[in-house]
Number of protein chains: 2
Amino acid sequence: MPSSRKPRGPYRKGLERREQILRAALEVFAEHGDRGSSLKEIADRVEMSQAGVLHYFGSREELLLAVLEARDALDTASVGDIHSPGEGMTRTVAHNAQQPGLVSLFVTLSSAATDPAHPAHAFFAHRYDDLARTLTEGLTTGRDQGVVRSDISPEKLARLLLAVSDGLQLQWLMNPDVDMTDLVETFNLMCRPPDGTTDGQAPAAP
Amino acid sequence: MPSSRKPRGPYRKGLERREQILRAALEVFAEHGDRGSSLKEIADRVEMSQAGVLHYFGSREELLLAVLEARDALDTASVGDIHSPGEGMTRTVAHNAQQPGLVSLFVTLSSAATDPAHPAHAFFAHRYDDLARTLTEGLTTGRDQGVVRSDISPEKLARLLLAVSDGLQLQWLMNPDVDMTDLVETFNLMCRPPDGTTDGQAPAAP
DNA sequence: GTCTATACCCGGATAGAC
DNA sequence: GTCTATCCGGGTATAGAC
């Protein structure tokens, strides 16, 4: 792979500019969503012209995808150490509750990206499958340890957990009084074995 | 209230035109979403000019809201006879699975309407609260009859059910292999009392 | 009621000067 | 690299004739 050293010389400024634009674009997209955002506004925020922005990212679409990928990478990294899938999800949701703009961006975009023709369709389709796979693995482990109910397949539980998380974000955006974190934890509770036999350790307990 | 008789005379044609436009607009919005739709296309579909459409609905926004309200009224009516909240939701979801375009419209719009400035914000906010209330009532009844678990409040279960339904629609739109109906039923199962004591009648069984 | 024409706004992308 | 200027396409809403 290429050198990971920070480039010196003429490249440096350009790369920094690029990141600066990326950050600004994230902010703007988070505030106004996909359609509500314009290159102009992003450009204004980094104090350059719209044409200047396009010099770094050939098109608006390219910029949008770059933002999504950068953000997703950051997020998955920040959730890092997970001991059980329920816990991971709870943390993610709790973390999201701090950033309404971003949540809004992802929810809005993921529904818009539902259309196979949408530029971000592939991104979100993969993202869902990845998440479902990761969750399924974690839930399978949990089931084998007896902390997750075994009468429903881990695959189904994973899809449901994903649905709960997305659905709650939607409700929360619509009405901030909805307590996402609490509700996700409640759902985790429902994922425990029917009678509290084997446990003592809830899926999402700290 | 006003006469419910079909108006005769000069009014009649106008009212029919209006409904015709409403139907066409529903189709178009369902196919291309809010932002993807234009008055032009709706006008084309009823074979009149864009200005003609605006003669009936003063603005695009007005038309959109009219479509949402008309559709929502139809839907809630069609779900009609419900014996248990789980059953109602299952049926609705199964029904939706026939109409990807409409589902897409509602999902897309409800996330876009998350923004308080969005024209449809109030509509969706009310809709959520209404749904949550109705579901809560049904689940309370179910709990009293012993078919719904009592260790989690009906309010929470209602919010979760709503979330599951929305979230699954999103996943289904992204990947049609996801079996919404089956998964909602699975969730209903999770809403039953922990041990199959009192029952014999699942919340969503036919 | 319905049309055509048009005014007006906004967006993205491109060309070319500096 | 960065700008200005411009092209081009799209949308909504309005004016005014028929």
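Just so you know, these numbers come straight off a predicted model, no measurement behind them. Reminder, nothing fancy here: chain letters follow the sequence lines and each chain counts from 1.
- In this structure, the separation between CG on B:Leu63 and CZ on B:Phe29 is 5.0 Å, given to the nearest 0.5 Å.
- Minimum heavy-atom separation, B:Ala125 to A:Met174: CA-CG, 3.9 Å.
- Remark: A:Arg18 CZ to A:His55 NE2 distance equals 10.5 Å, nearest 0.5 Å.
- Residues A:Leu170 and B:Ser110 are in side-chain contact: their nearest non-hydrogen atoms beyond the backbone lie under 4.5 Å apart.
- Within residues 31-43 of chain A, no residue is approached by DNA chain D to less than 4.0 Å at the level of any non-hydrogen atom.
- To the nearest angstrom, P of C:dA13 lies 8 Å from CD of A:Glu61.
- Atoms OG1 and CD, on A:Thr140 and A:Glu137 in that order, are 7.5 Å from each other to the nearest 0.5 Å.
- Between the CG atom of B:Leu54 and the P atom of D:dT12 there is a distance of 8 Å, rounded to whole Å.
- Residues A:Asp129 and A:Arg159 are paired through a salt bridge, judged by an N-O separation under 4.0 Å between the basic side chain and the carboxylate.
- In this structure the side chain of B:Arg127 reaches within 4.5 angstrom of the side chain of B:Phe106, judged on heavy atoms.
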Run the side chain to side chain donor-acceptor pair (under 3.5 Å) check on B:Gln20 and B:Arg17 step by step: do they pass?
CA-CA 5 Å; B:Gln20 195 187 350; B:Arg17 248 340 197 174; 3.0 Å; yes
Is there a side chain to side chain donor-acceptor pair (under 3.5 Å) between A:Ser111 and B:Ser111? Walk through the geometry before answering.
CA-CA 8 Å; A:Ser111 66; B:Ser111 66; 3.1 Å; yes
What string of B, S and - do you get for nucleotides 2-9 of chain D, 5' to 3', if B is base contact, S is sugar-phosphate-only contact and - is no contact with any protein heavy atom under 4.0 Å?
BBB-----
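- Stem regions annotated for DNA chain D: C:1-18 with D:1-18, counting only runs of 3 or more consecutive pairs of Watson-Crick or G-U type with both contacts under 3.5 Å.
- What separates CZ of B:Arg60 from C1' of D:dG10 is a distance of 12 Å, to the nearest Å.
- Distance, B:Leu64 CG to D:dA13 P: 12 Å, rounded to whole Å.
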Under the side chain to side chain contact (heavy atoms under 4.5 Å, CB included) criterion, do B:Asp72 and B:Glu69 qualify, and how do the steps go?
CA-CA 5 Å; B:Asp72 197 47; B:Glu69 267 148 31; 5.8 Å; no
